[in-house]
Amino acid sequence: MDRGNTKISEEFGLSSESEAVKEYLRMNRDIMYSNYPLIADEIIMKPNQEKSCILDIGTGLGSLAREFAKRLPACRVYGIDISGEMLTEAHIINTSEGISNLTLMLSDINHMAFEDNVFDVIVSFGVLHHLSTLTRAFSEIRRVLKERGEAFLYDLRKNPPQEVVTEIADGMSPSHKRCFLESVKEGLDVSYIEAVVQGLGVTRYSLSYPTYSRATVVKNKSILQAQASRFLGKRFNQLFVMIYLQK
């Protein structure tokens, strides 16, 4: 089992990557799915931003990447991940949904197989806290972004309000709860993120809680009404930091 597969299995407390992928499928369906259309719509609605080539790093099942591919059929969307089995499942979903403008690739964020200055937008959700350091990853993100390109990176923050963590964890199944609490322990220190960004010479950046415009919320009203409210909204967003970088 390679490094990526080992990490996946450890987080889910399972002995094989295949079992971990199945658990991730359930967690994605039961908890995380409704966040992806919100993120995609919020980014797409931003003005004066070219969106002809988008990269989703740590794409997993391709959920976030597919939301961009569906909304922007003329856009070239790429998703990379270190898990071959995750990407196999993502390919199956893409085929079933008729997604043709999304390319999935086996790749490490720290050593991306792209030329310089390729992407208008780079996104990720819940990936960075798995990394031992952000320096190499952020350097790579900056390298493959076009001039004035933008990155929107959503991840767990260090030491979120304990009452929010407890409230959300108590609504999960035992296996989901175990994975969630392990991830929360690895949340990112905002001061560390800022130090890394400044150390790389990035001057156009911000670190904030995720927020969504009224237009995004209204557009996704049916999805939001169908999903359990504890996994959405301002309280849920207190668990996260939204890292914005512009090259």
Side-chain angles (χ1 to χ4, degrees), residues 4-5 7-14 17 20-40 42-43 54-68 79-83 85-87 89-90 93 104 107-110 121-134 137-138 141 151-160 164-165 168-169 171-173 175-190 192-193 207-212 227-228 230-233 235-245:
N5 298 353
K7 178 65 177 176
I8 292 168
S9 299
E10 285 176 352
E11 177 157 339
F12 284 94
L14 299 169
E17 183 184 11
V21 169
K22 290 177 183 178
E23 184 62 29
Y24 188 83
L25 275 164
R26 288 189 286 269
M27 191 167 184
N28 188 68
R29 177 198 63 211
D30 297 342
I31 297 173
M32 303 311 301
Y33 170 74
S34 57
N35 290 276
Y36 304 129
L38 289 168
I39 291 170
E42 192 68 16
I43 293 172
I54 295 175
L55 171 65
D56 178 25
I57 54 177
T59 195
L61 300 172
S63 303
L64 180 54
R66 266 191 304 279
E67 295 301 326
F68 284 98
I80 64 169
D81 204 274
I82 58 172
S83 168
E85 292 203 30
M86 284 283 192
L87 294 178
E89 291 294 333
I93 299 170
L104 299 167
S107 179
D108 185 341
I109 182 178
N110 294 308
V121 175
I122 295 178
V123 298
S124 75
F125 185 86
V127 174
L128 300 178
H129 71 272
H130 296 295
L131 305 178
S132 58
T133 176
L134 296 183
F138 279 18
I141 289 168
F152 301 87
L153 315 171
Y154 297 75
D155 219 296
L156 292 165
R157 63 169 61 228
K158 189 176 181 63
N159 297 324
V164 177
V165 173
I168 292 171
M172 295 179 171
S173 69
S175 59
H176 289 169
K177 182 175 182 177
R178 179 182 62 244
C179 176
F180 170 69
L181 293 177
E182 285 299 315
S183 293
V184 168
K185 290 179 185 177
E186 298 181 15
L188 301 173
D189 188 320
V190 172
Y192 165 65
I193 299 169
L207 308 172
S208 62
Y209 292 103
T211 59
Y212 302 107
Q227 183 73 335
R230 71 175 69 90
F231 303 129
L232 293 164
R235 284 182 66 76
F236 184 73
N237 288 344
Q238 289 180 49
L239 301 177
F240 292 88
V241 56
M242 198 281 280
I243 307 162
Y244 168 79
L245 308 173

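FYI, side chains are in, hydrogens and waters are out, and symmetry mates aren't considered; it's all heavy atoms of this structure.
- Taking both residues in full, the closest heavy atoms of Val241 and Leu156 are given as CG1-O, 4.4 Å, listed atom of the first, atom of the second, then distance.
- Leu55 has its side chain out of reach of Ile141: every pair of non-hydrogen atoms, C-beta onward, lies at least 4.5 Å apart.
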*Apply the test side-chain contact (heavy atoms from CB on, under 4.5 Å) to residues Tyr192 and Thr133: give CA-CA distance (whole Å), side-chain angles for both, the deciding distance (0.1 Å), then the verdict.*
CA-CA 10 Å; Tyr192 165 65; Thr133 176; 3.4 Å; yes
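- Interatomic distance, CD1 of Ile43 versus CG of Leu64, reported as 7.0 Å (0.5 Å rounding).
- Residues Ala90 and Gly62 come closest through the heavy atom pair CB-N, 4.0 Å.
- Counting heavy atoms from C-beta on, the side chains of Met242 and Leu207 never come closer than 4.5 Å.
- In this structure, Met172 CE and Leu181 CG are separated by 7.5 Å, a value rounded to the nearest 0.5 Å.
- Residues meeting the ring-ring contact (aromatic ring centres under 6.0 Å, His included) test with Phe240, sequence neighbours left out: Phe125, Phe236.
- Take Lys177 and apply the salt bridge (charged side-chain N to carboxylate O under 4.0 Å, His left out) test, not counting sequence neighbours, and it matches Asp170.
- The shortest side-chain heavy-atom distance between Phe68 and Val123 falls under the 4.5 Å cut-off.
- Between Gln238 atom CD and Arg157 atom CZ the span is 9.0 Å, to the nearest 0.5 Å.
- Residues Asn237 and Thr211 are not in side-chain contact: their nearest non-hydrogen atoms beyond the backbone lie 4.5 Å or more apart.
- Nearest heavy-atom pair across Gly58 and Val127 is O-CG2, 3.5 Å.
- The shortest non-hydrogen separation linking Ile82 to Ser107 is CG2-O, 3.5 Å.
- Atoms OG1 and CE, from Thr59 and Met86 in turn, are 10.5 Å apart once rounded to the nearest 0.5 Å.
- Looking at heavy atoms from C-beta onward, Leu128 lies in side-chain contact with Ile243 at the 4.5 angstrom threshold.
- A 4.5 Å side-chain heavy-atom check between Glu67 and Ile39 finds every atom pair outside the cut-off.
- What you find for Ser124 and Leu153 is that their closest heavy atoms are OG-CD2, 3.6 Å.
- With contacts defined as side-chain heavy-atom distances shorter than 4.5 Å, the pair Phe180/Ile168 qualifies.
- The line from CG of Asp155 to NE2 of His130 is 7.5 Å long, rounded to the nearest 0.5 Å.
- Scanning for ring-ring contact (aromatic ring centres under 6.0 Å, His included) contacts around Tyr209 gives an empty result, with sequence neighbours left out.
- Rounded to the nearest 0.5 Å, atoms CG (Asp81) and CG (Asp108) are 10.0 Å apart.
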